[in-house]
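Heads up: the structure comes next, in structure tokens.
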Amino acid sequence: MSIVRIRMPKASDISGIARMQYRSMRMIEYRHYTEKELSVYAMETDQIMSMWSERLVYAEFCNDDERTLILVAAESENESPDAKESVIGVIFVSVLDGFLYIRSLYVDPDRVGHKVGTAMLTNAILLMLKRHYVGGLRLEVFTDNDQAIGLYSSFGMKPADFSYQIGRAHV
């Protein structure tokens with residue numbers, strides 16, 4: 001039986017986070033995209049590693065007011081402190097203008113439906129509520145990402161219409 005821990009990330013987690021997010025993006029978020037669309041909209045593993053490296057550095061060294069939090073779900077085969085862990089989820093949240101924003105939440109596609117997202121989201125909300133007063137939660141999710149919508153609905157969140165205007169800026 002495996003053990004799942006929700007904890008702060010370590011620098012050694014970055015490649016595991018990137019591989020897990022890449023799989024999630026390809027199999028869940030961007031599953032309907034053509035190869036051309038993927039090349040434009042979806043990041044590659046190196047870009048994801050760079051992004052998470054920057055986020056971890058910020059959260060650890062530049063986050064004096066503790067308005068940013070990153071947690072990982074790490075799975076191991078036993079409770080030994082030196083047991084090899086695999087990253088099976090990551091959540092990145094921040095407080096802005098009195099709201100808790102869920103910036104990113106990724107779960108390994110093989111673990112979707114196993115309450116990993118629920119555990120990470122619960123921990124993130126509780127930790128941030130200890131630090132800050134927040135008036136609500138906000139996030140963006142693909143409208144066809146049924147698993148994510150189900151997770152957020154289980155926390156009482158309801159959809160609100162929002163769309164981006166994509167186009168050229170006129171100068």
Side-chain angles (χ1 to χ4, degrees), residues 2-63 67-77 83-96 100-128 137-155 157 159 162 164 166:
S2 64
I3 307 296
V4 176
R5 290 185 182 88
I6 308 299
R7 61 167 174 75
M8 304 294 282
K10 302 180 266 188
S12 59
D13 292 327
I14 293 172
S15 63
I17 292 169
R19 284 191 307 274
M20 182 273 309
Q21 180 179 339
Y22 182 78
R23 285 188 68 235
S24 178
M25 289 169 62
R26 293 292 185 155
M27 295 174 72
I28 298 172
E29 285 181 309
Y30 298 102
R31 69 185 175 278
H32 301 302
Y33 280 45
T34 66
E35 284 302 315
K36 183 176 181 179
E37 289 170 326
L38 282 170
S39 69
V40 173
Y41 296 109
M43 294 183 275
E44 298 299 328
T45 307
D46 290 345
Q47 293 170 295
I48 297 170
M49 284 179 64
S50 175
M51 177 186 70
W52 282 106
S53 296
E54 290 174 18
R55 287 177 174 178
L56 262 60
V57 166
Y58 176 81
E60 186 169 349
F61 299 108
C62 307
N63 191 22
R67 291 190 174 275
T68 297
L69 175 69
I70 300 170
L71 297 173
V72 295
E75 183 177 52
S76 62
E77 291 302 317
K84 183 178 177 342
E85 293 183 318
S86 299
V87 174
I88 60 169
V90 65
I91 187 169
F92 169 47
V93 299
S94 61
V95 173
L96 180 65
L100 179 61
Y101 284 85
I102 302 165
R103 304 286 186 188
S104 298
L105 191 158
Y106 289 95
V107 174
D108 183 286
D110 295 335
R111 301 309 191 286
V112 169
H114 295 185
K115 303 296 182 190
V116 174
T118 300
M120 288 189 304
L121 187 54
T122 299
N123 278 270
I125 291 169
L126 291 174
L127 284 168
M128 292 307 269
L137 293 147
R138 292 195 171 158
L139 61 103
E140 293 176 19
V141 63
F142 284 98
T143 57
D144 65 345
N145 189 340
D146 295 331
Q147 291 96 350
I149 292 168
L151 169 64
Y152 300 131
S153 295
S154 74
F155 279 80
M157 296 180 209
F162 179 81
Y164 285 107
I166 299 175

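No hydrogens, no waters, no symmetry mates; every other heavy atom, side chains included, goes into these values. Note that the structure is predicted; figures quoted are calculated from it, not measured.
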Using the side-chain contact (heavy atoms from CB on, under 4.5 Å) rule, take L69 and F92 through it: C-alpha gap first, then chi angles, then the decisive distance, then the call.
CA-CA 6 Å; L69 175 69; F92 169 47; over 6 Å; no
With side-chain contact (heavy atoms from CB on, under 4.5 Å) as the test, would you mind laying out the steps for L137 and M157 before giving the verdict?
CA-CA 8 Å; L137 293 147; M157 296 180 209; 3.5 Å; yes
Is there a side-chain contact (heavy atoms from CB on, under 4.5 Å) between Y152 and I102 once you walk through the steps?
CA-CA 10 Å; Y152 300 131; I102 302 165; 4.0 Å; yes
Is there a side-chain contact (heavy atoms from CB on, under 4.5 Å) between I48 and M25? Walk through the geometry before answering.
CA-CA 11 Å; I48 297 170; M25 289 169 62; 3.9 Å; yes
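With sequence neighbours excluded, the residues that form a salt bridge (Lys or Arg N to Asp or Glu O under 4.0 Å) with R7 are D13, E85.
The CZ atom of R5 sits 13.5 Å away from the CG atom of N123 when rounded to the nearest 0.5 Å. With rounding to the nearest 0.5 angstrom, the CG atom of D146 is 12.5 Å from the CG atom of L151. Annotation: the span from S12 atom OG to I17 atom CD1 amounts to 9.0 Å, rounded to 0.5 Å. For the atom pair CE (M51) and CD1 (I14), the distance works out to 10.5 Å, reported to the nearest 0.5 Å.
Considering only heavy atoms from C-beta on, M120 comes within 4.5 Å of V107 through its side chain. Residues Y106 and I91 are not in side-chain contact: their nearest non-hydrogen atoms beyond the backbone lie 4.5 Å or more apart. A heavy-atom distance below 4.5 Å is found between the side chains of M128 and V95. In this structure, M49 and S15 have side chains that are in contact, with non-hydrogen atoms separated by less than 4.5 Å. Here the side chains of I6 and V72 are not in contact, with every heavy-atom distance at 4.5 Å or above.
Checked against L71 for a side chain to side chain contact (heavy atoms under 4.5 Å, CB included), the options V90, L121, L127, L105 give a single hit: L127.
The backbone N or O of R67 sits less than 3.5 Å from a side-chain atom of N63, completing a donor-acceptor pair.
Side-chain contact check for S94 and R103: at least one donor-acceptor pair (N or O, by modelled atom type) lies under 3.5 Å.
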Expected list for residues 109-119: side-chain donor-acceptor pairs under 3.5 angstrom, two or more places apart:
residue : atom : partner : partner atom : Å
D110    : OD2  : R23     : NH2          : 3.4
R111    : NE   : E75     : OE1          : 3.4
R111    : NH2  : E75     : OE1          : 2.4

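Identified under the side chain to side chain donor-acceptor pair (under 3.5 Å) test for residues 50-59, with sequence neighbours left out: Q21-W52, R55-S104.
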